[in-house]
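Each remark here refers to the structure printed beneath this line.
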Amino acid sequence: MPEGPSIVILKEELKPFKGKKVLEVSGDTSVQIDDLVNMKVHDFRTWGKHFLICFKNFFFRIHFLLWGTYRINERKDATPRLSLRFKNGEVNFYTCSIRRIEGSPDDFYDWESDVMADEWNAAKAEKKLKEMKKVNVSDALLNQEIFSGVGNIIKNEVLFRIKIHPESSTGALPKRKLKEMIKEARNYSFDFYTWKKAFELKKNWLIYKKKKCPRCNIPSEKGYIGKTKRLTFFCNNCQALFG
DNA sequence: CCGGTTGTTCAGCG
DNA sequence: GCGCTGAACAACCG
């Protein structure tokens with residue numbers, strides 16, 4: 001589930017429970033949940049890969065990491081980390097990281113760095129990137145303080161689409177190329193969202209997990225690139241190396 | 001059946 | 001204190 005667009009889809013799927021009263025709660029999370037019964041969920045929000053369940057004076061931050069899953073009106077054959085039952089259904093979260101935080105998400109999150117948010121601020125991303133010249137472009141795209149919500153798949157596809165080699169350094173990109181990278185990080189995230197909802201995400205991958213470059217048909221390369229060392233697929237012929 | 005991973009945090013080291 | 005490395009987490013697919 002992990003990349004930002006998938007978390008937005010989860011938020012939409014849970015809309016029927018927004019404003020509803022919790023009738024029953026359980027789960028093996030270590031955070032306090034025993035006071036939720038009879039409390040109303042004020043809102044479900046997202047910030048990048050963070051899924052937020054908001055109550056009046058506090059919220060839960062759920063992070064799915066690599067293996068987290070959820071079921072709505074269904075159960076898996078495993079103990080949920082958190083389960084919430086409402087009059088009109090239930091939601092179950094598995095193998096995720098949960099934190100309970102006092103206050104409002106507005107006190108903690110900068111919505112302008114979330115690539116899926118209405119508040120997304122491309123100019124702010126550009127400013128942050130200009131301050132980190134030596135950073136590799138693959139690492140820059142995975143930096144959640146700049147591109148909150150971007151994950152490894154989006155990173156691969158963005159770099160291929162805009163023809164930038166994943167070993168490039170951010171500071172070596174011409175201004176036009178840097179702006180293109182920022183624009184495409186958001187743009188591809190919305191394509192990811194649309195394709196995921198249509199169950200055709202994998203079908204639309206151009207380079208991620210591909211053996212050949214779809215543009216020039218030569219074998220694609222792969223490597224564990226940058227400080228983040230995440231598996232990266234690319235075309236040595238089509239993607240230009242800067243720096 | 002083993003290898004790999006849509007991710008993050010933290011301990012331990014030099 | 002810093003940057004770097006690798007472990008931990010413990011599911012699921014092919």
Side-chain angles (χ1 to χ4, degrees), chain A residues 1-13 27-31 46-52 60-71 74-83 92-101 108-110 113-116 131-161 166 169 184-211 220-234:
Chain A
M1 300 299 126
E3 300 197 33
S6 305
I7 307 302
V8 173
I9 292 168
L10 166 61
K11 176 175 72 180
E12 293 175 357
E13 289 176 335
D28 64 4
T29 175
S30 56
V31 305
T46 65
W47 180 82
K49 300 164 191 169
H50 296 203
F51 182 65
L52 312 175
F60 292 95
R61 189 214 76 168
I62 297 186
H63 201 303
F64 292 96
L65 291 89
L66 269 183
W67 304 302
T69 52
Y70 66 89
R71 292 290 185 274
E74 282 176 27
R75 292 176 190 191
K76 285 180 46 163
D77 185 19
T79 305
R81 182 103 334 130
L82 175 65
S83 171
N92 301 297
F93 299 98
Y94 304 89
T95 48
C96 50
S97 157
I98 302 183
R99 289 188 194 172
R100 177 170 166 147
I101 301 164
F108 297 89
Y109 291 106
D110 177 7
S113 59
D114 179 355
V115 294
M116 295 300 290
E131 286 163 9
M132 33 192 353
K133 291 196 177 306
K134 287 181 184 169
V135 174
N136 162 283
V137 290
S138 308
D139 290 337
L141 280 166
L142 291 175
N143 186 323
Q144 299 300 295
E145 289 176 13
I146 305 174
F147 298 108
S148 171
V150 169
N152 199 38
I153 296 174
I154 296 175
K155 177 198 82 178
N156 273 269
E157 295 291 313
V158 165
L159 292 173
F160 181 77
R161 271 189 172 186
S169 113
E184 197 55 33
R186 176 166 165 90
N187 188 39
Y188 186 82
S189 295
F190 279 90
D191 284 344
F192 183 119
Y193 166 85
T194 304
W195 291 329
K196 174 116 187 162
K197 280 221 288 198
F199 305 104
E200 55 186 30
L201 181 61
K202 290 183 188 183
K203 195 178 91 183
N204 284 289
W205 287 343
L206 295 176
I207 196 70
Y208 183 69
K209 293 202 170 160
K210 296 290 180 183
K211 294 227 172 6
S220 51
E221 310 279 329
K222 62 177 179 178
Y224 294 91
I225 287 174
K227 285 186 183 173
T228 45
K229 291 194 176 118
R230 302 296 302 279
L231 187 57
T232 308
F233 294 79
F234 57 100

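Just so it is clear: chains get the letters A, B, ... in the order the sequence lines come, proteins before strands, and each one is counted from 1. Heavy-atom basis, side chains included; hydrogens, waters and symmetry copies ignored. Computed from a prediction, not measured in an experiment: that's the story for all the values here.
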Checking A:F234 now: which residues fulfil ring pair (Phe, Tyr, Trp, His ring centres under 6.0 Å) with it, not counting sequence neighbours? A:H165

Going by an N to O cut-off under 4.0 Å, is there a salt bridge joining A:R161 and A:D191? yes

Could you go through residues 150-158 of chain A and list every donor-acceptor pair under 3.5 Å that involves a side-chain atom there, pairing it with any protein atom two or more places apart or in another chain?
residue: A:N152; atom: OD1; partner: A:K155; partner atom: NZ; Å: 2.8
residue: A:N152; atom: ND2; partner: A:L231; partner atom: O; Å: 3.0
residue: A:K155; atom: NZ; partner: A:T232; partner atom: OG1; Å: 2.8
residue: A:N156; atom: OD1; partner: A:F233; partner atom: N; Å: 2.6
residue: A:N156; atom: ND2; partner: A:N152; partner atom: O; Å: 2.8
residue: A:E157; atom: OE1; partner: A:L206; partner atom: N; Å: 2.9
residue: A:E157; atom: OE2; partner: A:L206; partner atom: N; Å: 3.1
residue: A:E157; atom: OE2; partner: A:I207; partner atom: N; Å: 3.0
residue: A:E157; atom: OE2; partner: A:Y208; partner atom: N; Å: 2.9

Parallel, tilted or perpendicular: ring planes of A:Y109 versus A:H50, cut at 30 and 60 degrees: perpendicular

Tell me the interatomic distance from A:K155, atom NZ, to B:dG7, atom C1', rounded to whole angstroms. 12 Å

If you measure from the P atom in C:dG6 to the same atom in B:dT5, how many Å do you get, rounded? 16 Å

Taking atom P of C:dC13 as reference, at what distance in whole Å does atom NZ of A:K209 sit? 12 Å

Any chance the side chains of A:D139 and A:T228 put a donor and an acceptor closer than 3.5 Å? yes

Main-chain N/O of A:V135 paired with A:S169 side-chain donor or acceptor, under 3.5 Å: no

Answer yes when A:K196 and A:E3 have at least one side-chain N-carboxylate O distance shorter than 4.0 Å, and no when they do not. no

Considering only heavy atoms from C-beta outward, does the side chain of A:Y94 approach that of A:R71 to under 4.5 Å? yes

What is the distance from CZ of A:R230 to P of C:dT5, rounded to the nearest Å? 16 Å

Report the distance from atom CD1 of A:I62 to atom P of B:dG7, rounded to the nearest whole Å. 18 Å

Considering only B:dG4, B:dT8, B:dT9, which nucleotide approaches the side chain of A:Q144 most closely? B:dT8

Looking only at side-chain N and O atoms, does A:T79 offer a donor or acceptor that is under 3.5 Å from a partner on A:D28? no

Could you pull out all residues at least two apart from A:R99 that satisfy salt bridge (charged side-chain N to carboxylate O under 4.0 Å, His left out)? none

Kindly assign one of parallel, tilted or perpendicular to the pair A:F64 and A:Y70, based on the angle between their ring planes and the thresholds 30° and 60°. tilted

Using atom names, set out every protein N or O paired with an N or O of nucleotides 7-11 of chain C below 3.5 Å, distance rounded to 0.1 Å.
residue: C:dA11; atom: N1; partner: A:W67; partner atom: NE1; Å: 2.9
residue: C:dA11; atom: N3; partner: A:W67; partner atom: NE1; Å: 3.0

Tabulated below should be each protein N or O lying under 3.5 Å from an N or O of nucleotides 2-4 of chain C; please produce it.
residue: C:dC4; atom: OP2; partner: A:K227; partner atom: NZ; Å: 2.8

If you compare every side-chain N and O of A:Y224 against the phosphate oxygens of C:dT5 (OP1, OP2), does one of them come in below 4.0 Å? no

Spacing between A:E145 atom CD and B:dT8 atom C1', to the nearest angstrom: 13 Å

List DNA chain B stems (3 or more consecutive Watson-Crick/G-U pairs, under 3.5 Å)? B:2-5 with C:11-14, B:7-14 with C:2-9

Check: A:R81 side chain, A:C96 main-chain N or O, donor-acceptor pair, under 3.5 Å: yes

Calculate the interatomic distance between A:E3 atom CD and B:dT5 atom P; express it in whole Å. 14 Å

Using atom CG of A:L142 as one end and atom P of B:dG7 as the other, report the distance to the nearest whole Å. 7 Å

Between B:dG7 (P) and A:I98 (CD1): distance, integer Å: 19 Å

Can you tell me how far P in B:dC1 sits from the matching atom in C:dC9, rounded to whole Å? 24 Å

